Each structure stands twice: as C-alpha cells, then as structure tokens.
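Right, one structure below, let's go through it.
A quick note: this is a predicted structure, and the numbers were derived from the prediction, not measured.
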Amino acid sequence: MPKKTYMLRAGEICHFEAFVNKGCLRKYYINEQGQEVIIQFAIENNWISDIPSFSTQQPGNIFIETLEDCELLYLSPQSKEELLNAVPRFERFYRILVERYLNVLQNRLYFSISKTAHEKYLDFLAHYPTIPQRVPQHYIASYLGMSAEFLSKVRTRMAKEK
C-alpha cells in the first residue's frame, strides 16, 4: 500500500483488520473544531482497524491513512470467520490480542487524564521509540492531546534537562 493512501474514511464501513508487516499508519477522527485527533499509530507487528465498524459492518467516523509505504496482511469479516472456524487456536490468539489492545487503550486513557505533558511524551517515547523519526511532530502532538507548539516546548525543556 503506497504512502498517503486512505484505507478508510469517516462514513465508510471498515471491511478489514490489518496486520502491519512493514510501514506506519495512523488512525484518527476529526473533532467538532475540525481538528484531526490521532488515536493510534500502527507500526510493524501491530494491528489496525476500526473495530466497531468492522464488527458491526456499520459506517464509522474513523480515518486510516498510510504514513509510509506499507506491507499489510488483511482479514475481511468473512476470512476472519473462516480462520476462526478452521483454526480453533486462532480464537485464543485473537482473544489475547483483544485483551492486549484493551490494556493499551486503558493505559492510554489513564495517561491522558492523569499525567503531565512531560510524562505523556516520555511514555510515548518508551512505547514508540521510532515514531519521532518517522512522522511529523504535529502528528505526535495530536496523539498526545496537545498543540505542536506545546510539544515543542516540552521537548525543549527535556533537552535542557539532559
């Protein structure tokens, strides 16, 4: 999948769960003020989808875009069901995958509510050490829930502390 490809746009039904073999993608929505709010970066060995839209086959409000040339493995609703029926062990694998994803979401919510901007950025770097070299700073700021200018101040303060 080439860089800058929209795999999903708001208002569309998500027909895939994708495993990232190579590349980087972002998942985001547009808030009431018309700003993009990034809710996920997916890099190698991660999954990406609009899970509510995929599972209900109803239109969602999510955009998924490739930020680099990507190599992806897809599951459609039909192929996923066939795989789960044909390989019962995959059902357990999928359950573990969902549990891990829920852990990530809960931790992200916890950090977004309870941590300082400095702590949020340090946690981001711990989980996504390669992302700052791969995506624009304003994408990282969006993911962290702050302006690019404020993130720049956080980074400058951190550099001075070293």
Go through Met1 and Tyr74 one step at a time and tell me if the side-chain contact (heavy atoms from CB on, under 4.5 Å) criterion holds. CA-CA 12 Å; Met1 186 81 51; Tyr74 288 105; 2.7 Å; yes

Between [X] and [Y], what is the shortest heavy-atom contact and its length?
X      : Y      : answer
Phe63  : Ile30  : CE1-CD1, 3.8 Å
Pro88  : Ala86  : CD-O, 3.5 Å
Ile48  : Phe16  : O-CE1, 3.9 Å
Val20  : Ile43  : CB-O, 3.3 Å
Tyr139 : Leu67  : CE1-CD2, 3.5 Å
Ser112 : Lys120 : O-NZ, 3.3 Å

Check whether [X] and [Y] end up in the same hydrophobic cluster, where Ile, Leu, Val, Met, Phe, Trp and Tyr are linked by side-chain heavy atoms less than 4.5 Å apart.
X      : Y     : value
Val135 : Leu72 : no
Trp47  : Leu83 : yes
Leu151 : Tyr28 : yes
Ile13  : Ile62 : no
Met146 : Val37 : no

Is there a donor in the side chain of [X] and an acceptor in the side chain of [Y], or the other way round, less than 3.5 Å apart?
X      : Y      : result
Gln137 : Arg155 : yes
Glu36  : His138 : no
Tyr6   : Glu12  : no

In Å and rounded to the nearest 0.5 Å, what is the [atom1] to [atom2] distance from [X] to [Y]?
X      : Y      : atom1 : atom2 : answer
Gln40  : Asp50  : CD    : CG    : 10.5 Å
Leu144 : Ile140 : CG    : CD1   : 7.5 Å
Phe90  : Lys80  : CZ    : NZ    : 8.0 Å
Ser142 : Ile39  : OG    : CD1   : 10.0 Å
Leu8   : Cys14  : CG    : SG    : 5.0 Å
Arg9   : Ile64  : CZ    : CD1   : 12.0 Å

Is there a side-chain contact (heavy atoms from CB on, under 4.5 Å) between Val104 and Arg100? Walk through the geometry before answering. CA-CA 6 Å; Val104 168; Arg100 286 183 184 160; 5.6 Å; no

Ring centres under 6.0 angstrom apart (Tyr143, Phe124): yes

Is there a salt bridge (charged side-chain N to carboxylate O under 4.0 Å, His left out) between Glu99 and Arg95 once you walk through the steps? CA-CA 6 Å; Glu99 288 172 355; Arg95 179 184 51 80; 3.0 Å; yes

If we ignore hydrogens and angles and just use 3.5 Å, is the side chain of [X] paired with the main-chain N or O of [Y] as donor and acceptor?
X      : Y      : value
Glu81  : Gln78  : no
Gln57  : His15  : no
Ser114 : Tyr110 : yes
Arg134 : Gly23  : yes
Thr66  : Lys4   : yes
Ser55  : Ile51  : yes
Asp69  : Lys3   : yes
Ser79  : Leu75  : no

One thing to verify: whether [Y] and [X] come together as a salt bridge, which I'm taking to mean a side-chain N less than 4.0 angstrom from a carboxylate O.
X      : Y      : answer
Lys153 : Glu149 : no
Glu65  : Arg26  : yes
Glu44  : Lys22  : no

How about Gln106: does its CD atom have over 12 heavy atoms from other parts shown lying under 6.0 Å from it? no

Test item: Tyr101 and Asn103 side chains (from C-beta on) under 4.5 Å apart, heavy atoms: no

Going by heavy atoms in the side chains, are Tyr94 and Glu17 under 4.5 Å from each other? yes

Does Leu102 form a side-chain contact (heavy atoms from CB on, under 4.5 Å) with Val98? I'd like the steps, not just the answer. CA-CA 6 Å; Leu102 289 172; Val98 169; 4.2 Å; yes

Between Leu97 and Phe19, is the side-chain contact (heavy atoms from CB on, under 4.5 Å) condition met? List the steps. CA-CA 11 Å; Leu97 183 72; Phe19 177 80; over 6 Å; no

